[in-house]
**Student:** 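Mind looking over this structure? Questions follow.
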Amino acid sequence: KVYEIKINGNGTLNNWIQTTSFNTGRFSNGGNFGSIWGGYLYISGGCTAVNGSGYCSSVANDTQLASINADGTIDVWNTNASVIDQRMGQNLITWRDNIYQIGGCSSQDSSTGVCTSALQSINQGTINQDGDASTVAQSSPSGTAPCNGASPIGCNLPGTSYIGNMLNSSVITNGFLYVIGGCTNNGCSSTNGNVAYTAISSTGDMTKPSTCPNGSYQGGTWCVDTVNTISGGLAAARPVVFDNTIYLVGGLNGSSNVNAINRADLNKDGSISAWTSQSMTGLGANSISYTYAYTRANPSSASTAPGNLF
């Protein structure tokens, strides 16, 4: 089901109203399977059924889109036949007429809940004016075309020695795709604290950053920063960006939820600064993971507190 709510001029909310439902109910099982771009709402993958133990027994492989009407309601949902890929716990990101589906898990053990097939690949598609995604391509292993030679493009994630395939935090800003932390084994009892980033070209391709000052190139197009890392590792954190600073809200470290917001400044060459951790103690919700967070400007206090984190 899909619900929408009208926001009043003073910021207060009206009542939630159910609008057009998509085909086959689902949940993300971590990660994020929905995104908005250019007046269209996209969903892809997700878990569509669970067994008596609450573990996923069916993973969707479809991608659906619907137009967002001027009044906020959702038009009819359509399935994009060119994007068929079974995964959950992935990240779905849209940026400059391109859509990216990053990592995730394609199946879960029905008795233990452990992922039985973690995905290292990234799907990329170009979004047309009518909202459909075309020219869909899947990333390739390092050394396999087009992820080879002096100018590799479209490479898989660099591997769990460097970054997690599942429940990583992914965000695109300033022309770079950042993949942060994530689970390094299928049961997510071990997490990673590195940052891997790749440059996004004018055509949407994932390319090798021109410099990699705090680590090394791995997997063809990825700069893996092994200097500015998150202590203890982090998965299932919500990433947001404001004023060239990336924030990771909550998350888990393989054994428990994390009671902190981690932040780092972003540089023009794509590199990041050292991470700073701030406790969430005193908030209404702390030691949390799988959160939703959002930032926006705060013009009334632009000189002292230029933004708000929700």
Side-chain angles (χ1 to χ4, degrees), residues 5 7 9-13 28 30-39 41-42 91-100 102 163 167-182 193-200 209 213-214 223 225 227-231 233-252 257-310:
I5 191 170
I7 302 175
N10 63 358
T12 58
L13 301 176
S28 65
N32 170 39
F33 68 68
S35 190
I36 292 176
W37 183 263
L41 175 61
Y42 298 84
N91 283 297
L92 191 70
I93 303 175
T94 48
W95 190 76
R96 291 190 177 180
D97 295 332
N98 285 275
I99 187 166
Y100 303 85
I102 304 165
I163 205 72
L167 302 185
N168 54 56
S169 299
S170 304
V171 66
I172 297 178
T173 185
N174 298 334
F176 294 92
L177 165 60
Y178 295 87
V179 180
I180 306 167
N194 292 342
V195 177
Y197 59 95
T198 184
I200 304 295
N214 296 313
C223 172
D225 187 330
V227 175
N228 299 307
T229 62
I230 300 170
S231 178
L234 190 66
R238 179 67 182 191
V240 291
V241 176
F242 183 81
D243 197 22
N244 287 324
T245 299
I246 188 166
Y247 300 84
L248 300 176
V249 181
L252 54 88
N257 287 338
V258 174
N259 189 36
I261 298 174
N262 288 279
R263 70 180 189 272
D265 294 333
L266 302 173
N267 302 314
K268 290 182 179 180
D269 62 358
S271 62
I272 67 166
S273 65
W275 290 93
T276 299
S277 180
Q278 181 173 338
S279 172
M280 299 174 69
T281 299
L283 300 180
N286 49 56
S287 296
I288 52 176
S289 55
Y290 303 103
T291 59
Y292 180 80
Y294 178 73
T295 57
R296 61 162 290 172
N298 181 28
S300 62
S301 302
S303 61
T304 55
N308 290 311
L309 170 62
F310 300 88

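Excluded from the calculations below are hydrogen atoms, water molecules and symmetry mates; all remaining heavy atoms, backbone and side chain alike, are included. From a predicted model like this one, the values you see are computed outputs, not experimental measurements.
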**Student:** Please examine the side chains of Asn98 and Trp37, heavy atoms only from C-beta on, and report whether any two atoms are closer than 4.5 Å.
**Tutor:**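 With C-beta onward as the side chain, the pair stays apart.
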**Student:** Count the heavy atoms belonging to other residues, nucleotides or ligands that lie under 6.0 Å from CG of Leu13, then report whether that count exceeds 12.
**Tutor:**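 Yes, enclosed.
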**Student:** Quick one: CZ on Arg263 to CZ on Phe242, what's the gap to the nearest 0.5 Å?
**Tutor:**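 Reported value, rounded in 0.5 Å steps: 13.5 Å.
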**Student:** Is any side-chain heavy atom of Pro306 less than 4.5 Å from a side-chain heavy atom of Asn298?
**Tutor:**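 They are not in side-chain contact.
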**Student:** Taking all non-hydrogen atoms of both residues, which atom of Asn194 and which atom of Ile163 are closest, and how far apart?
**Tutor:**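 Of all heavy-atom pairs spanning Asn194 and Ile163, the closest is O-CD1, 3.3 Å.
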**Student:** Check whether any side-chain heavy atom of Pro213 sits under 4.5 Å from a side-chain heavy atom of Asp269, and report yes or no.
**Tutor:**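 Contact flag for Pro213/Asp269 side chains = yes.
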**Student:** Could you check Asn257 against Ser289 for side-chain hydrogen bond (donor to acceptor under 3.5 Å, both in side chains), going step by step and ending with a plain yes or no?
**Tutor:** CA-CA 6 Å; Asn257 287 338; Ser289 55; 2.9 Å; yes
**Student:** Give the C-alpha distance, both sets of side-chain angles, the deciding distance and a yes or no for side chain to side chain contact (heavy atoms under 4.5 Å, CB included) between Ile93 and Ser170.
**Tutor:** CA-CA 8 Å; Ile93 303 175; Ser170 304; 3.6 Å; yes
**Student:** Tell me, with the steps shown, if Tyr290 and Leu252 meet side chain to side chain contact (heavy atoms under 4.5 Å, CB included).
**Tutor:** CA-CA 9 Å; Tyr290 303 103; Leu252 54 88; 4.0 Å; yes
**Student:** How about Val240 and Leu309: do any of their side-chain heavy atoms sit closer than 4.5 Å?
**Tutor:**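 With C-beta onward as the side chain, the pair touches.
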**Student:** Supply the atom-to-atom distance Ile200 CD1 to Leu177 CG, rounded to the nearest 0.5 angstrom.
**Tutor:**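 Reported to 0.5 Å precision, the distance equals 5.0 Å.
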**Student:** Is any side-chain heavy atom of Leu234 closer than 4.5 Å to a side-chain heavy atom of Trp275?
**Tutor:**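 Not touching, per the 4.5 Å side-chain cut-off.
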**Student:** Minimum heavy-atom separation for Asp225 to Asn228, with atom names?
**Tutor:**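 Here Asp225 and Asn228 meet closest at OD1-N, 2.8 Å.
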**Student:** Look at the rings of Phe176 and Tyr197 and say which category their plane angle falls in: under 30° parallel, 30 to 60° tilted, over 60° perpendicular.
**Tutor:**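 Phe176 and Tyr197: perpendicular rings.
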**Student:** Among Thr295, Asp265, Thr276, find the residue that satisfies the side-chain hydrogen bond (donor to acceptor under 3.5 Å, both in side chains) test when tested with Thr245.
**Tutor:**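 Only match with Thr245 under side-chain hydrogen bond (donor to acceptor under 3.5 Å, both in side chains): Asp265.
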**Student:** If you take all heavy atoms of Asn259 and Ser287, which pair is closest and at what distance?
**Tutor:**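 Nearest heavy atoms, Asn259 then Ser287: OD1-N, 3.0 Å.
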**Student:** Can you tell me how far OH of Tyr100 sits from OG1 of Thr198, rounded to the nearest 0.5 angstrom?
**Tutor:**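 Nearest 0.5 Å value for the OG1-OH distance: 9.5 Å.
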**Student:** Measure the shortest side-chain to side-chain distance between Pro239 and Ile180 over non-hydrogen atoms and say whether it is less than 4.5 angstrom.
**Tutor:**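 Pro239 does not reach Ile180 side chain to side chain.
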**Student:** Mind listing the closest non-hydrogen atom pair of Gly30 and Leu167 along with its distance?
**Tutor:**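 Smallest heavy-atom distance, with atoms named: CA-CD2, 3.6 Å.
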**Student:** For residues Ala237 and Leu248, report the shortest heavy-atom separation together with the two atoms involved.
**Tutor:**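 In terms of heavy atoms, the two residues are closest at CB-CB, 4.1 Å.
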**Student:** Measure the OG-CG distance between Ser273 and Leu266 for me, rounded to the nearest 0.5 Å.
**Tutor:**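 Result: 7.5 Å between the selected atoms.
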**Student:** Could you measure the distance from the CD1 atom of Ile230 to the OG atom of Ser169? Nearest 0.5 Å is fine.
**Tutor:**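 Between atom CD1 of Ile230 and atom OG of Ser169 there are 7.5 Å.
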**Student:** Has Asn91 got a side-chain atom pairing as donor or acceptor with Asn168's backbone, closer than 3.5 angstrom?
**Tutor:**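 Pair found, side chain donor or acceptor close to backbone of Asn168.
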**Student:** Between CD1 of Ile288 and CE of Met280, what distance do you get to the nearest 0.5 Å?
**Tutor:**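 Going from CD1 on Ile288 over to CE on Met280, the span is 4.0 Å.
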